[in-house]
Amino acid sequence: MNDIPSFARPAARLAGITPSTIRVVFDRAAELEADGIEVLHLEIGRPDFDTPTLVKEAATASLAAGRVHYGPNAGTPQLRTAIARTLAAASGPVYDPDGEVIVTIGASEAVFLAIMAFCGPGDEVLIPVPAWPAYEACVRLAGATPVFLPLDPAQGYSLDPEAVRARLTPRTRMLVVCTPHNPTGAVVDAGRLRALADVLRHTGVLVLSDEIYSELVYDGTRHVPVATVADLHMRTLTVGGFAKAYAMDGWRLGWLAAPRELATPALRIRQFTTACPPTFTQDAAVSALRDTAQERAQMRDAFAERRRAALDLLNGCTGLHIGNPAGAFYLYLTYPPHLGPGDRFARELLEEDHVAVVPGAAFDPTGAGAHSLRVSYARSVDDIREGVSRILRRIDRLSDGGRR
């Protein structure tokens, strides 16, 4: 910082904000590809499927109809209604589309709006880790303090309500819940959510429930929307979106749904940031919710096949711990410490074996993820098998044949 002119120094709030390791890995992989090296992308949480044709056709029709101007701050009434209906139809919470649903620029903006609207200096936000790093960044940008709650690998990284109780203080303002979970794939069941409701019942703690992977669950696992359990509805802001299950990550559309008392402050933030999502993409999103059930089921089945392919290779490998990846499209691998730190492992895996993964330290500031990797199986079965095989071969080389 000493060589930066005083007028160019960033705001103090950026002191704890570092570049996303996920993007650092992705950008380095792109550099290798520009040099003609083929890289297996197991680092990015992006489906490799194209957006369903009907959705693209709806966007084209909307453009042709001149739907290119500003829309309401909260999103178009048509899309807000479609989101509310979709959530209710999936045994989810019931929201009034007029005042309780906000269409956002991806699920990322929904997380940002929720945290900025309710958290500030003096507040603490409980973040179970490992976790998507944007939660911590948004908390720090809001001036609040992140408090990290380690998830127990022995419990499959599922949220422990009693551990939450132990971390609550008078300053606790919000708890982050991600189910299905990024990066471990864990899914919080109804029993744990009922116990969580008991823990929070007489507190002023809000719940930010990130359910972007809600449609991606496997082997008979059921996703339980947090806001449907006991009396959690009144304190829960639910995040969802189109990036993962709809193969619409580049469309940048998501939503924040909450009781009116919680949605209204979040909308005040949105009015002075992004204003509104593009109108024609919202028209396409209505089609995505209404017309793509078959395509979404096919993509989910493909993810399930890829998950099985990866687990077939990994299960039984001595020294590796995978947790219980019942949802999303990630495996969180923890390996023996003598193989070296995850950032070095991931860097050498990319540079020498041309497989891109994310080191666990990107998701866990406590240091518990120092010997972990997040592996995305949102790629073809062939890529998954080859990529995982290269990971295992590197482990073999590092451990001198120690894997049995």
Side-chain angles (χ1 to χ4, degrees), residues 46 51-52 54-88 92-120 132 134-135 137-139 141-142 206 208-212 214 227 236-292:
R46 179 186 71 83
T51 300
L54 285 174
V55 178
K56 294 191 289 185
E57 290 176 345
T60 301
S62 183
L63 283 168
R67 299 268 290 165
V68 295
H69 301 294
Y70 292 134
N73 288 133
T76 64
Q78 296 88 344
L79 182 53
R80 284 185 277 122
T81 297
I83 291 169
R85 287 175 177 170
T86 298
L87 292 174
V94 174
Y95 294 109
D96 182 351
D98 185 14
E100 297 187 332
V101 177
I102 303 171
V103 184
T104 57
I105 308 297
S108 300
E109 188 194 17
V111 169
F112 177 79
L113 294 179
I115 292 173
M116 290 296 291
F118 292 100
C119 303
W132 183 44
Y135 304 135
C138 288
V139 169
L141 287 171
L206 297 173
L208 173 59
S209 183
D210 186 348
E211 302 180 21
I212 184 69
S214 63
T236 299
L237 298 104
T238 299
V239 172
F242 296 87
K244 311 303 182 181
Y246 296 78
M248 295 176 64
D249 50 292
W251 294 69
R252 307 312 303 134
L253 284 172
W255 63 76
L256 182 65
R260 191 177 305 271
E261 295 80 6
L262 303 182
T264 300
L267 183 59
R268 288 167 60 190
I269 302 291
R270 135 59 66 77
Q271 288 175 332
F272 298 104
T273 53
T274 59
C276 63
T279 304
F280 67 92
T281 62
Q282 293 184 76
D283 291 344
V286 172
S287 174
L289 293 171
R290 183 187 61 210
D291 304 325
T292 65

Side-chain contact, heavy-atom cut-off 4.5 Å: D210 with Y135?
yes

Of the non-hydrogen atoms in P277 and I105, which two are nearest, and what is the gap between them?
CA-CD1, 3.6 Å

State, with a plain yes or no, whether a side-chain heavy atom of L79 is found less than 4.5 Å away from one of L289.
yes

Return the CG to CD1 distance between L113 and I269, rounded to the nearest 0.5 Å.
7.0 Å

If you compare all heavy atoms of G75 against all heavy atoms of Q282, which two are closest, and at what distance to 0.1 Å?
CA-OE1, 3.2 Å

Contact summary for R80 and A74, nearest pair of heavy atoms:
CD-O, 3.3 Å

With side-chain contact (heavy atoms from CB on, under 4.5 Å) as the test, would you mind laying out the steps for E57 and L54 before giving the verdict?
CA-CA 5 Å; E57 290 176 345; L54 285 174; 3.6 Å; yes

Spacing of OG1 belonging to T273 relative to CG belonging to N73, to within rounding of 0.5 Å
9.0 Å

Output the distance between atom CZ (R85) and atom CD1 (I83), rounded to the nearest 0.5 Å.
12.0 Å

How close do W255 and A110 get, heavy atom to heavy atom, and via which atoms?
O-CB, 3.5 Å

Scanning both residues in full, the closest heavy-atom pair of G99 with A263 reads O-CB, 3.5 Å

Within this structure, what is the SG-CG distance for the pair C119 and L141, rounded to the nearest 0.5 Å?
12.0 Å

So how far is it from I212 CD1 to T238 OG1, rounded to the nearest 0.5 Å?
12.0 Å

Full working for side-chain contact (heavy atoms from CB on, under 4.5 Å) between L237 and F118:
CA-CA 11 Å; L237 298 104; F118 292 100; 3.9 Å; yes

Could you check whether any side-chain heavy atom of T76 comes within less than 4.5 Å of a side-chain heavy atom of V103, counting everything from C-beta outward?
no

T281 to L253 - nearest heavy-atom pair and separation:
O-CD1, 3.3 Å

Within a radius of less than 6.0 Å around CZ of R290, do more than 12 heavy atoms belonging to other residues, nucleotides or ligands occur?
yes

Is it true that E109 and R270 have a side-chain N and a carboxylate O under 4.0 angstrom from each other?
yes

Donor-acceptor under 3.5 Å (T264 side chain, R260 main chain)
yes

Are T274 and R252 side-chain neighbours, meaning at least one heavy-atom pair lies under 4.5 Å?
no

Which one of V55, T292, T51 satisfies the side-chain contact (heavy atoms from CB on, under 4.5 Å) criterion with Y246?
T292

Side-chain contact, heavy-atom cut-off 4.5 Å: H69 with T279?
no

Looking at CD of E100 and CG of L87, how far apart are the two atoms once the value is rounded to the nearest 0.5 Å?
11.5 Å

